[in-house]
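So the structure is just underneath, and the comments pick up after that.
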Amino acid sequence: MRRPWLFVVVLASCQQAPELSTTAQDLVNVSPALFDFGALEVGMTSTPRAINVNPAAGNQSDVITSITEGCPDFFVTANGLPADVYRICETGIPNVTAIPCTTTELQSYQFTAQFQPNIGGATSCVVTVALASGATKTVTLNGTGTIPPIRIDVAPG
């Protein structure tokens, strides 16, 4: 005679709140983040290179409090600080990039950097953009100073 088997499975589990990401969203982006001025003769000054600070995607707002560099071969010109950088979206949810943003207002900031080598050789400089939110962004500038040609006159030839 056949006996029917009865199986009972009991599952128990605990459920807790989902883990939330601790990754902070960027409020602004700096572009370019890296720039190479190339080779330039010692004592010459490059043309100014524009660097842009733009709001990130979605509704964003921050204030640039300072832009600094401490390198003898590079210098920046950053007028009008502190400066607001923001994006206001007509649609979408604040700080959610999955929902399209129709930008109604946009405020970016632009500063310039130049290279003026004092000695021959490759050099670099990190420029720091400080924000009121406490965040910082950096731009790395590179350049190579070249030694000017030596010109001499000898008399008699």
Side-chain angles (χ1 to χ4, degrees), residues 11-150:
L11 295 175
S13 68
C14 294
Q15 186 172 1
Q16 53 181 262
E19 293 285 329
L20 299 177
S21 172
T22 58
T23 304
Q25 296 290 324
D26 283 340
L27 298 177
V28 300
N29 297 315
V30 177
S31 177
L34 174 68
F35 184 75
D36 191 341
F37 284 95
L40 188 65
E41 192 173 293
V42 170
M44 303 295 287
T45 303
S46 71
T47 57
R49 169 63 180 172
I51 299 169
N52 298 300
V53 182
N54 300 307
N59 283 319
Q60 302 294 348
S61 178
D62 211 336
V63 177
I64 301 168
T65 56
S66 67
I67 298 175
T68 56
E69 52 77 26
C71 313
D73 294 333
F74 297 89
F75 57 95
V76 298
T77 302
N79 297 318
L81 294 179
D84 293 323
V85 176
Y86 60 86
R87 177 189 314 276
I88 298 174
C89 296
E90 181 179 292
T91 59
I93 299 173
N95 301 320
V96 176
T97 58
I99 298 174
C101 167
T102 302
T103 301
T104 57
E105 288 186 51
L106 176 72
Q107 179 68 47
S108 296
Y109 180 79
Q110 187 176 80
F111 65 97
T112 60
Q114 289 181 272
F115 177 47
Q116 185 179 40
N118 293 308
I119 59 171
T123 187
S124 66
C125 182
V126 175
V127 177
T128 302
V129 178
L131 303 165
S133 65
T136 57
K137 294 292 184 175
T138 60
V139 178
T140 301
L141 305 174
N142 296 311
T144 302
T146 59
I147 304 298
I150 297 173

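Since the model is a prediction, treat every value here as computed from it, not as a measurement.
The heavy-atom pair separating Ala113 from Val76 by the smallest distance is CB-CG1, 4.1 Å. Across all non-hydrogen atoms, the minimal contact from Ala83 to Tyr109 is CB-CD1, 3.5 Å. Between Pro82 and Val63, the closest heavy-atom pair is CB-CG1, 3.7 Å. Counting all heavy atoms, side chain and backbone alike, Val127 lies closest to Ile67 at CG1-CG2, 3.7 Å. Shortest non-hydrogen contact noted between Gly43 and Gln116 is O-NE2, 4.1 Å. Annotation for Pro55 and Tyr86: closest pair CG-O, 3.3 Å, computed over non-hydrogen atoms.
Expressed to the nearest 0.5 Å, how far CD1 of Ile147 lies from CD of Glu41 amounts to 9.0 Å. Within the model, atoms OG1 of Thr144 and CG of Leu40 stand 10.0 Å from one another, a figure rounded to the nearest 0.5 Å. In this structure, CG in Asn79 is found 7.5 Å from OG1 in Thr112, a value given to the nearest 0.5 Å.
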Query raised in the report: Is there a side chain to side chain contact (heavy atoms under 4.5 Å, CB included) between Ile64 and Phe111 once you walk through the steps?
Result: CA-CA 11 Å; Ile64 301 168; Phe111 65 97; over 6 Å; no
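For the pair Thr138 and Val30, the minimum side-chain heavy-atom distance is 4.5 Å or more. With a 4.5 Å cut-off on side-chain heavy atoms, Leu141 and Ile51 count as touching. Side-chain atoms of Ser61 and Gln107, non-hydrogen and from C-beta on, never get closer than 4.5 Å to each other. For the pair Pro148 and Met44, the minimum side-chain heavy-atom distance is 4.5 Å or more.
Not one N or O on the side chain of Asp73 forms a donor-acceptor pair closer than 3.5 Å with the backbone of Thr123. In this structure a side-chain-to-backbone donor-acceptor pair under 3.5 Å is present from Gln114 to Ser46. A donor-acceptor pair is defined here as one N or O able to donate and one able to accept, closer than 3.5 Å; such a pair exists between the side chain of Arg87 and the backbone of Ala56.
For residues 103-129, no pair satisfies salt bridge (Lys or Arg N to Asp or Glu O under 4.0 Å), with sequence neighbours left out.
A donor-acceptor contact closer than 3.5 angstrom links the side chains of Ser108 and Asn54.
Checked against ring pair (Phe, Tyr, Trp, His ring centres under 6.0 Å), Phe35 has the following partners two or more places apart in sequence or in another chain: Phe37.
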Sequence neighbours left out, cut at 3.5 Å: what donor-acceptor pairs do the side chains of residues 128-137 make with other protein atoms?
residue : atom : partner : partner atom : Å
Ser133  : OG   : Asp62   : OD2          : 2.6
Ser133  : OG   : Ala135  : N            : 3.4
Lys137  : NZ   : Asp26   : OD1          : 3.1
Lys137  : NZ   : Asp26   : OD2          : 3.4

